[in-house]
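Here the structure is laid out as structure tokens; the discussion comes afterwards.
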Amino acid sequence: MSAPHPSAQSASPAPASPALGDEPGRAILLVLAATAMFSVSDTLAKQLSGSLPAIEITWLRWIGFVLIMSPSIVLSGGRTLRTRAPGLQFLRTLGVLGSAVFFIAGLHYLPIASASAIAFVAPLLVTALSIPFLGEQVGPRRWAAVVVGLIGMLVVIRPGSGTFGLAALLPFLSAVSWAFALIVTRKLGGIDRTSTTMTYSALVGLVALTLAVPFDWVTPSLSHLGLAAAMAIASTAAQFFVVMAYRLGRASVLAPVSYVQLVWAGLLGFLVFGNIPDGWTLIGAGIIMASGIYTAHRERVAARAKRGGAGR
């Protein structure tokens, strides 16, 4: 995949702020594409985690991210560096970085399916945070679905089992960071262009990681660099799809759709590493997915009722 190029930039030196859209169909398709790319990136990161530290793997990912974004930055004539919300851009980058570092660290100890299932508390957090931070309304039925999803998460983790340990905290911290990043992404959707958000995530993230990586360094081999390049491409594509999706749809609608990543994680974990999720993990993942699907259904019902009322 080549560097993502969003829609052509305006020739005006001060383009108007992009408007938030309401196209849930397109937004959901973009999230589905993102889940596939994230799972590919996670699989490659797990392969690297046996030899390289998590912070270095993330740094290698971000080098690829910057290289992929560079043509877009240069061709824009610097327009992608113009942000109306530098503070939000910085905060979003911190969330994305935290999500990547914590999750990759967790992959060193946990199967992809287990780590992904634990990390999927993030959509539950997004649903809750969308109320105070985005002003979205979440009804009692969707709150019930969130609770059911949390129960599914506990089934996967099984407190007292071998899965529930310090290692399980790493993907949980990744989930907290990612939920924060998604909320900020949605807020940025009506302020800055997608290319601007991608540019700041790339450049600010690389600077932060470059300052940290010398403290935990292992010299990578050529094969490591090849895997890292593929990981960077998949991760960059996934991030681009997420930014576009959250400009087209509401956070509380899109968050449950991302549960499809559990399917990709289980499949790739089996095909690449031979990891077969146990029965409890499958049951828990099924509960989580069911709660997400039901939440999305309630959103569609509410949206239809709203449109019908507006037409009266």
Side-chain angles (χ1 to χ4, degrees), residues 1 31-61 64 99-123 149 152-175 178 216 218 220-238 257-290 292:
M1 188 206 78
V31 171
L32 292 175
T35 62
M37 289 296 98
F38 274 130
S39 293
V40 170
S41 178
D42 292 343
T43 300
L44 294 168
K46 182 170 177 61
Q47 288 184 304
L48 288 169
S49 68
S51 305
L52 302 178
I55 194 74
E56 185 175 346
I57 296 171
T58 311
W59 179 70
L60 289 170
R61 175 187 287 183
S99 175
V101 173
F102 288 130
F103 190 78
I104 291 172
L107 287 176
H108 180 71
Y109 304 100
L110 300 169
I112 295 178
S114 296
S116 296
I118 295 169
F120 264 90
V121 71
M153 182 68 61
L154 292 175
V155 171
V156 173
I157 295 175
R158 299 189 302 285
S161 70
T163 303
F164 187 76
L166 292 179
L169 293 178
L170 293 169
F172 174 76
L173 291 174
S174 173
W178 184 237
D216 195 10
V218 174
S221 66
L222 288 177
S223 61
H224 290 151
L225 294 177
L227 290 173
M231 176 185 64
I233 291 172
S235 176
T236 302
V257 180
S258 59
Y259 287 122
V260 174
Q261 188 170 337
L262 292 173
V263 178
W264 293 115
L267 180 61
L268 289 174
F270 171 71
L271 293 177
V272 178
F273 302 105
N275 298 141
I276 301 176
D278 61 24
W280 287 111
T281 299
L282 292 175
I283 292 171
I287 293 172
I288 293 168
M289 292 175 63

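- R61 places a side-chain heavy atom less than 4.5 Å from the side chain of I104.
- The minimum heavy-atom distance linking M37 with A238 is given by the pair CB-CB, 3.7 Å.
- Without hydrogens or angle criteria, S174 side chain to L170 main chain gives no donor-acceptor distance under 3.5 Å.
- Taking all atoms of both residues into account, the shortest heavy-atom contact from L225 to P220 is CD2-CG, 3.9 Å.
- With T58 contributing its side chain and A54 its backbone, the two residues share a donor-acceptor pair below 3.5 Å.
- In plain terms, the two heavy atoms of A113 and G266 that are nearest each other are CB-CA, 4.1 Å.
- Looking at L268 and D42, their side chains never come closer than 4.5 Å, going by heavy atoms from C-beta outward.
- Side chain of S51 to main chain of L48: no donor-acceptor pair is present (N/O by atom type, distance under 3.5 Å, no hydrogens or angles).
- Distance check, rounded to the nearest 0.5 Å: CG of L267 to CG of N275 gives 12.0 Å.
- Annotation: L271, atom CG; neighbour count of heavy atoms from other residues, nucleotides and ligands within 6.0 Å is above 12.
- Atom CZ in F103 sits 10.5 Å away from atom CZ in F38 (nearest 0.5 Å).
- Distance check, rounded to the nearest 0.5 Å: CG of L44 to CD1 of I233 gives 10.0 Å.
- Using a distance-only test at 3.5 Å, with no hydrogens or angles considered, no donor-acceptor pair links the side chain of Q261 to the main chain of S116.
- Around the CD1 atom of I276, the shell of radius 6.0 Å holds no more than 12 heavy atoms that belong to other residues, nucleotides or ligands.
- The closest side-chain heavy-atom distance from V272 to I112 is not below 4.5 Å.
- Inter-residue side-chain proximity for S49 and I57 is flagged as met; some heavy-atom pair is nearer than 4.5 Å.
- Using a 4.5 Å heavy-atom cutoff, the side chains of F273 and T43 are in contact.
- Of all the heavy atoms in A167 and L110, the pair that sits closest is O-CD1, 3.7 Å.
- When all heavy atoms are compared, the tightest approach of P171 to I118 is CG-CG2, 3.8 Å.
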